[in-house]
Protein chains: 2
Amino acid sequence: MKNIAIILVNPQMGENIGAAARAMLNFGITDLRIVNPRDGWPNERATSMSAGAFEVMPEPQLFEGFEDAIADCHTTSATTARLRYMSKPVMTPTAAATDAIERQRSGESIGFVFGGERNGLDNEDIVLCKNIINIPTNPDFSSLNLGQAVLLVAHEVHKAQDSTPPREMLMGESQPVPQARLHEFFERLEGELDKGRFFRAEDLKPTMIRNIRNIFTRNELNEQEVKTLHGIISALIGNKTNGQ
Amino acid sequence: MKNIAIILVNPQMGENIGAAARAMLNFGITDLRIVNPRDGWPNERATSMSAGAFEVMPEPQLFEGFEDAIADCHTTSATTARLRYMSKPVMTPTAAATDAIERQRSGESIGFVFGGERNGLDNEDIVLCKNIINIPTNPDFSSLNLGQAVLLVAHEVHKAQDSTPPREMLMGESQPVPQARLHEFFERLEGELDKGRFFRAEDLKPTMIRNIRNIFTRNELNEQEVKTLHGIISALIGNKTNGQ
């Protein structure tokens, strides 16, 4: 994804840098910037936690200071707790990601900024970011680790530019069934039920037919499945005949 | 969160069970069900990866078979790859979570089902689920581990019932500034700029004033910040006077 960067400031554990790299690549973000990693760089533990992400991504960029790491960004979002003493917009990850993709599409470069494990981001760094991302969590168990925070933000950024339909009926080789095939099926089923004296009370018959039709109409049947249901009727008719 | 369960089927690594427990508790889900864990239960590695989640959550329920694990659920969602040969609705995590919370609010119990690390879910188990959740990822680097998949789904479920405003302007002790205070500020600033012969070309003055007013209007200033800006004007006037 162009012009979207993940920026880790003073990260401590290589494992978390590797998990962050894997998470961002899972969602198509490849610009990783690392400011002042405690254990230096490259880092073996990062590589082993990255599930091969570093072999696919461009080399991470290393910076000594935060200001240089965001120098080419137009908008930066600091992932941090809600601050009481700094007047800034606080956004959910969803809202920040939507905003970021809108800005990216109008030509901006966006940086998502994450602090180190122990102390998070310094106020001096947060103040240089345009807005704050706060991830709403269970207040009684709220701690997310660095890799998890990057995963959630990267997922939201991917979603904001993704066109996957929210709900889709997969049918494999088959096709959705046109209504006429359902009507044929109902006629046959209801005819056989009549023969089998299913509708004992004539005045209840319309309601029972409505209920049966509703079961199979609501079901999003495909052509193959209607054939299967016809086969089931045939088999049951056969059973009854054999049984009598 | 009531009536929402996370169901891990044939999980292999205790670490991933622990990460799943942490992730679900982060987002307020506490009903964990484990079907046939490879390394038995309890599991030390699970405990150590859970960041204390097992001390807060009710004890996970263990099952030998999948059917028993979902017996009390009304709707189950299987997290898996897109299947070509089974006719079922495939949903994004966001859509499935929204659907789940709507169902939960009308009294259903919902299970989110995750397969083991090596082979995922069996078709025999998937077929018993009402729908499929597929997490759209980078097709060239799509593998999410079990803990990550649970984290993303739990996050979406939390969001679907969360009322956090998408964007909120935090101001600490201060208050948003009413327009009248901006008008006072503009009058003072523009008066001082006049004195300082800032508006050299009289015909450009209206445009310049518009631009200046726009900078400070767009900015969502609070009362404290307007005071700070007045102080800056005072200081700069002082400097100029001193400097001349």
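In what follows, chains carry the letters A, B, and so on, assigned in the order in which the sequence lines appear, proteins first and then strands, with residues in each chain numbered from 1. Atom set for the values below is all heavy atoms of this structure, side chains included, hydrogens, waters and symmetry mates excluded.
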Considering only heavy atoms, which portion of [X] lies under 4.5 Å from any heavy atom of chain B: side chain, backbone, both, or neither?
| X | value |
| --- | --- |
| A/Ala154 | neither |
| A/Asp162 | side chain |
| A/Glu225 | side chain |
| A/Pro165 | backbone |

Of the listed residues (B/Ile29, B/Ile132, B/Leu144, B/Val90), which shares the most heavy-atom pairs with chain A below a 4.5 Å separation? B/Val90
For B/Arg45, does the CZ atom sit with more than 12 other heavy atoms under 6.0 Å from it, leaving out its own atoms? no
Within the supplied structure, the quantity of interest is the number of heavy atoms (other residues, nucleotides, ligands) at a distance under 6.0 Å from B/Lys88 NZ; does it exceed 12? yes
Grab the two heavy atoms, one from [X] and one from [Y], that are nearest each other, plus how far apart they are.
| X | Y | result |
| --- | --- | --- |
| B/Ser50 | A/Phe141 | O-CZ, 3.7 Å |
| B/Pro166 | A/Ala95 | O-CB, 3.3 Å |
| B/Met169 | A/Ser87 | CE-OG, 3.7 Å |

Spacing of [atom1] belonging to [X] relative to [atom2] belonging to [Y], to within rounding of 0.5 Å:
| X | Y | atom1 | atom2 | value |
| --- | --- | --- | --- | --- |
| B/Asn131 | A/Leu170 | CG | CG | 11.5 Å |
| B/Leu152 | A/Asn26 | CG | CG | 8.5 Å |
| A/Asn134 | B/Glu168 | CG | CD | 9.5 Å |
| A/Glu156 | B/Thr94 | CD | OG1 | 6.5 Å |

Checking B/Ile135 against chain A: side chain, backbone, both or neither under 4.5 Å from a heavy atom? side chain
Go through it in stages, so that I can follow the logic: the residues are A/Asn138 and B/Phe27, the test is side-chain contact (heavy atoms from CB on, under 4.5 Å), and I'd like the CA-CA distance, side-chain angles, deciding distance and then a yes or no. CA-CA 5 Å; A/Asn138 175 0; B/Phe27 294 110; 6.0 Å; no
Could you tell me if the side chain of A/Arg167 sits less than 4.5 Å from the side chain of B/Asp99, heavy atoms only? no
Decide yes or no for B/Arg22 and A/Asn145: does some side-chain heavy atom of the first lie under 4.5 Å from some side-chain heavy atom of the second? yes
Checking heavy-atom separations under 4.5 Å from chain A, one finds in residues 6-19 of chain B none
Between A/Pro93, A/Ala53, A/Ala23, which has the largest tally of heavy atom pairs under 4.5 Å with chain B? A/Ala53
Between A/Ser143, A/Gly28, A/Ser142, A/Ser174, who has the most heavy-atom pairs with chain B when the cutoff is under 4.5 Å? A/Ser143
Could you give me the CA-CA distance, side-chain angles and deciding distance for A/Lys159 and B/Thr92, then say whether side-chain contact (heavy atoms from CB on, under 4.5 Å) is met? CA-CA 10 Å; A/Lys159 275 169 54 186; B/Thr92 60; over 6 Å; no
Test side-chain contact (heavy atoms from CB on, under 4.5 Å) on A/Leu151 and B/Leu151 and set out the steps. CA-CA 9 Å; A/Leu151 180 74; B/Leu151 181 74; 3.5 Å; yes
